[in-house]
Participant: 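This is the structure I have questions about; it appears just below.
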Amino acid sequence: MKQGVYAILKAKYLIHDDAIKNWRFIVFLVVLVILMIANTQRFEQKVFEINELNNQVKELRSEFVDKRSELMKLKMESTVAKKMETKQIFPSTVPPVKIKVKKEEDPNIFEKLWQ
C-alpha cells in the first residue's frame, strides 16, 4: 500500500517502459479538459449575449409604446386644431355633409347602337 502511494507521488508510471500508454491517456484527458473549458466559455458568452439582447428588446418595446402614445396625442383633433391656429386655420363650424354620387347605368350594347 505504502509503495503504491510512493510510486504515484514519484510518478514512476510515467517513466517506465510501458509509460507510452499512460502518456497517451494523459494527453487525451488534457485535450478533453481543454475542449470542455472552451465549450463552457462559449456557452457563457452566448448566455451573456442573449441577456444583452433581451435587455435591448425591453428597451425598444418601451420606446415603441412611448412613441405610439405620443403619436396618438398628436393625432387628436384638439392637438391638430391648436397647431393650426398658429397658421390662422380654424376648425369648421359647419358639420360636414356626405355627398352621394349616383352612377348612371351604362346602356347595353344594343341600346347604344339604336341611339
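Count residues from 1 along the sequence.
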Participant: Counting neighbours of CZ on F28 that are heavy atoms of other residues, nucleotides or ligands and sit closer than 6.0 Å, is the number greater than 12?
Facilitator: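 Counting neighbours around CZ of F28, 12 or fewer heavy atoms of other residues, nucleotides or ligands fall under 6.0 Å, so no.
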Participant: Let me confirm one number: the OG1-CD distance from T79 to E77, rounded to the nearest 0.5 Å.
Facilitator: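 The OG1 atom of T79 sits 10.0 Å away from the CD atom of E77.
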Participant: Listed by chain and number, what are the side chain to side chain contact (heavy atoms under 4.5 Å, CB included) partners of E49, not counting sequence neighbours?
Facilitator: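 For E49, the residues satisfying side chain to side chain contact (heavy atoms under 4.5 Å, CB included) (neighbours in sequence not counted) are K46, L53.
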Participant: Are side-chain heavy atoms of E63 and L60 found at a separation under 4.5 Å?
Facilitator: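 When only atoms from C-beta onward are counted, L60 and E63 do touch, with a gap below 4.5 Å.
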Participant: How does the hydrophobic cluster around V80 look, that is, which other residues are in it when side-chain heavy atoms under 4.5 Å mark a link?
Facilitator: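 Direct or chained contacts put V80 with M84, I89.
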Participant: Through direct or indirect side-chain contacts below 4.5 angstrom among Ile, Leu, Val, Met, Phe, Trp and Tyr, which residues connect to L74?
Facilitator: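 None, because no other hydrophobic side chain comes under 4.5 Å of this residue.
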Participant: May I ask you to check whether over 12 heavy atoms, not counting those of Q56, lie within 6.0 Å of atom CD?
Facilitator: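 Enclosed: over 12 neighbouring heavy atoms sit under 6.0 Å from CD of Q56.
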Participant: My understanding is that only one of R68, K67, K75 makes a side chain to side chain contact (heavy atoms under 4.5 Å, CB included) with L71; could you say which?
Facilitator: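 So the option named by the test is K75.
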Participant: Test of understanding: with side chain to side chain contact (heavy atoms under 4.5 Å, CB included), list the residues that count as partners of V47, not counting sequence neighbours.
Facilitator: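 Checked V47 against side chain to side chain contact (heavy atoms under 4.5 Å, CB included); matches are F43.
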Participant: Could you state the interatomic distance from OG1 (T40) to CD (Q45), rounded to the nearest 0.5 Å?
Facilitator: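 These two atoms lie 11.5 Å from each other.
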Participant: How is the hydrophobic cluster of L35 composed, in terms of its other members, when Ile, Leu, Val, Met, Phe, Trp and Tyr link through side-chain heavy atoms under 4.5 Å apart, directly or indirectly?
Facilitator: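 V27, V31, listed by chain and number.
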Participant: Which ILVMFWY residues can you reach from I37 by hopping between side chains whose heavy atoms are under 4.5 Å apart?
Facilitator: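 Result for I37 is V33.
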